[in-house]
Amino acid sequence: MRIEHDLLGPCEVPADAYYGIHTVRARENFYLTGTPIHKELVAALVVIKKAAALTNLSIGALAPDKGEAITAACDEILAGALSNQFVVDCLQGGAGTSANMNVNEVIANRAIERLGGQKGDYRLIHPLDHVNLHQSTNDVFPTAVRIAAIRLLKPVTESFANLQSALQEQEEAFSRIIKAGRTQLQDAVPVTLGQEFGAWAQAISRDRWRLYKAEERLRQVNIGGTAVGTGLNAPRAYIFTMIEKLRDLTGISLARTDYMMDPTQNCDVFVEVSGLLKTAAVNLSKIANDLRLLSSGPYTGLGEITLPGVQAGSSIMPGKVNPVIPEAVNQVAFQIIANDTAITLAAMSGQLELNAFLPVIAKNLFEELDLLRHALPLFSKRCIAGITANEQTCREHLENSTVMLTALTAIIGYDKGTEAALILKETGKPIRDIILEKNWMTVSELEAVLKPERLTSPSMDKKN
């Protein structure tokens, strides 16, 4: 062990640890979830530290040997080194101070080693005086959360594009399969199976576009604002150079907000982004519900489509295959909606110049993005792409119901349509047979009306 000191006195730190006293105290105080801060958040914090070191070097605020050691340590971490040293819990008091200190200490101790010193010899590189120079947790942590969220959002947006494409491919494949449409789970009017997939694709398209635009909301950062957004202890040259360095290192079009007190205390942007993720979760859950209904049975339910079988469904019922992928998507949606509630509560609970609850916002937002990043490819590849249509079942459901009557009523009239519905109910005869037996239409007239393109489009004309 080595002994380090802080405001509260001495504390033992494992001799081989790259973290220091602040991290040790945080581990003792905040064992809450057992999950450390997200790896993308660690990367974002480290890239901010590198940008700060480069900025402080450029303005002459940091000695060259110190600045170069810090940036080299950051590069090692960004390349994957020391990942097991970021150990503070993702939920923590202090508005993210423990996460910031954990990163400061690891970078400092690795930089010390690069200068030939021993871990804990902060005379060479100090976690606060050098690694955290001209910074505060209150501008570093919100900026890091935004950078991490943008990086996590990109693959999610791409996965929505892939899901949209998968649905559109099935829309085309099933475009000629006529079936019963349903409203309030009751027989309604004819549709094509392709049209149902097309409607789902439209919803996913909106989600894709909304999330693509959401990145713009996250690009404005308060780095340079230090404690409350006034920029206290940060030179003007640092503030303006820092955002340029950060843009270069991240490849993200970050912008320094004009009023740095705003993002220091207000977290509504995270509520907005989470709300869009919740909206997407609602659409995903609706689609998953519909797929479970349409594939139900397969012998005693609707059975109009067959989902790809991915695993046996029961430990007691032979032959059972459950819709496990849609069920998993449903559960992802439920969790995202719950996370959104936590984010909303945390954002509204900030006080005056700072929101102390940004760690729980970050934890829940990153979990939403991770859940979607994993669930969307699963949904596309292991469910949507492998769906097959049971065309005969679709046709039987259509013809053994009143579904076609709405189309025929435009020609035979509502009263005859009602009479046909009553006969169907009493005898079970298909509507087609009833219409022909009553001589209300000829076979050729009936066939012309019952073409898929006529049944599923607005062009119903009595003259044709």
Side-chain angles (χ1 to χ4, degrees), residues 37-83 86 96 99-100 103-104 106-108 110-111 114 125 127 130-155 157-158 212-226 229 231 233-260 263-264 269 362 366 369:
I37 53 177
H38 197 284
K39 64 180 182 179
E40 283 293 349
L41 182 55
V42 171
L45 288 166
V46 172
V47 83
I48 290 170
K49 301 301 174 179
K50 180 178 179 181
L54 291 171
T55 299
N56 285 319
L57 275 171
S58 71
I59 65 173
L62 197 59
D65 60 336
K66 288 180 170 54
E68 290 166 8
I70 290 171
T71 56
C74 290
D75 286 337
E76 289 182 24
I77 295 167
L78 292 171
L82 306 180
S83 59
F86 302 99
N100 186 37
V103 170
N104 286 334
V106 173
I107 293 171
R110 180 62 190 125
R114 292 187 66 87
I125 302 285
H130 301 127
V131 181
N132 201 64
L133 181 60
H134 298 142
Q135 304 153 59
S136 163
T137 294
N138 301 348
D139 65 343
V140 167
F141 197 76
T143 299
V145 173
R146 284 165 168 79
I147 292 171
I150 289 171
R151 286 174 166 171
L152 289 168
L153 190 59
K154 287 181 180 293
T157 304
E158 292 169 3
Y212 174 77
K213 299 295 287 182
E215 181 182 326
E216 296 176 5
R217 305 288 198 224
L218 295 164
R219 289 178 187 165
Q220 292 215 345
V221 298
N222 67 331
I223 197 69
T226 67
N233 292 343
R236 184 174 293 274
Y238 167 87
I239 295 173
F240 285 93
T241 305
M242 179 64 177
I243 190 66
E244 294 175 3
K245 297 290 186 186
L246 205 49
R247 274 197 295 262
D248 291 341
L249 292 176
T250 62
I252 300 170
S253 300
L254 299 170
R256 183 182 59 82
T257 180
D258 292 332
Y259 207 93
M260 290 189 288
T264 305
V269 65
F366 298 159
L369 290 164

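Worth knowing before you read on, the calculation uses all heavy atoms, side chains too, and leaves out hydrogens, waters and symmetry mates. Note that the structure is predicted; figures quoted are calculated from it, not measured.
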Fill in: Side-chain heavy atoms of Pro263 within contact of Val221, under 4.5 Å
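No, every pair of side-chain atoms sits at 4.5 Å or beyond.
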
Worksheet item: Do Ile223 and Val140 touch side chain to side chain, with heavy atoms closer than 4.5 Å?
Response: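 They are in contact (side-chain heavy atoms under 4.5 Å apart), so the answer is yes.
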
Contacts of type side-chain hydrogen bond (donor to acceptor under 3.5 Å, both in side chains), residue [X], not counting sequence neighbours:
X	value
Ser136	none
Thr226	none
Lys154	Glu215

Worksheet item: For Asn233, does the CG atom sit with more than 12 other heavy atoms under 6.0 Å from it, leaving out its own atoms?
Response: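 Check fails, neighbour count at 12 or below.
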
Worksheet item: Who passes salt bridge (charged side-chain N to carboxylate O under 4.0 Å, His left out) against Glu68, sequence neighbours left out?
Response: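 Partners of Glu68 under the salt bridge (charged side-chain N to carboxylate O under 4.0 Å, His left out) test: none.
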
Practice prompt. Starting at CG of Leu218, measure out to OG1 of Thr143 and round the result to the nearest 0.5 Å.
Written response: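 Nearest 0.5 Å value for the CG-OG1 distance: 11.5 Å.
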
Discussion item. Tell me which pairs pass ring-ring contact (aromatic ring centres under 6.0 Å, His included) where either residue lies in residues 38-61, with sequence neighbours left out.
Written reply: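 The answer is His38-Phe366.
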
Discussion item. Under a 3.5 Å cutoff, is there a donor and acceptor pairing between the side chains of Asp139 and Thr264?
Written reply: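 Absent: no donor and acceptor within the cut-off.
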
Which side-chain N or O atoms in residues 41-64 pair as donor and acceptor under 3.5 Å with protein atoms at least two apart or in another chain?
from	atom 1	to	atom 2	distance (Å)
Lys49	NZ	Asn100	OD1	2.7
Lys49	NZ	Asn104	OD1	2.9
Lys49	NZ	Asn132	OD1	2.9
Lys49	NZ	Gln135	OE1	2.8
Lys50	NZ	Asp75	OD1	2.6
Thr55	OG1	Ala51	O	2.8
Asn56	OD1	His134	ND1	2.6
Asn56	ND2	Ala52	O	3.0
Asn56	ND2	Leu133	O	3.4
Ser58	OG	Thr55	O	2.7

Worksheet item: According to the side-chain hydrogen bond (donor to acceptor under 3.5 Å, both in side chains) rule, which pairs have a member within residues 244-254, sequence neighbours left out?
Response: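 Sorted result for residues 244-254: empty, none.
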
Worksheet item: Residues two or more places apart in sequence or in another chain: which of them pass ring-ring contact (aromatic ring centres under 6.0 Å, His included) with Phe240?
Response: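 If we apply the ring-ring contact (aromatic ring centres under 6.0 Å, His included) test to Phe240, skipping adjacent residues, there are no hits.
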
Discussion item. Under the rule for side chain to side chain contact (heavy atoms under 4.5 Å, CB included), what residues qualify as partners of Glu216, not counting sequence neighbours?
Written reply: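 Per chain and number, Glu216 pairs via side chain to side chain contact (heavy atoms under 4.5 Å, CB included) with Lys213, Arg219.
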
Practice prompt. Output all residues satisfying side chain to side chain contact (heavy atoms under 4.5 Å, CB included) with Arg110, sequence neighbours left out; order by chain, then residue number.
Written response: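 Arg110: side chain to side chain contact (heavy atoms under 4.5 Å, CB included) contacts with Tyr18, Ala73, Glu76, Leu82, Glu113, Arg114.
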
Donor-acceptor contacts under 3.5 Å from residues 145-153 side chains, at least two apart:
from	atom 1	to	atom 2	distance (Å)
Arg146	NE	Gln220	O	3.1
Arg146	NH1	Pro142	O	3.3

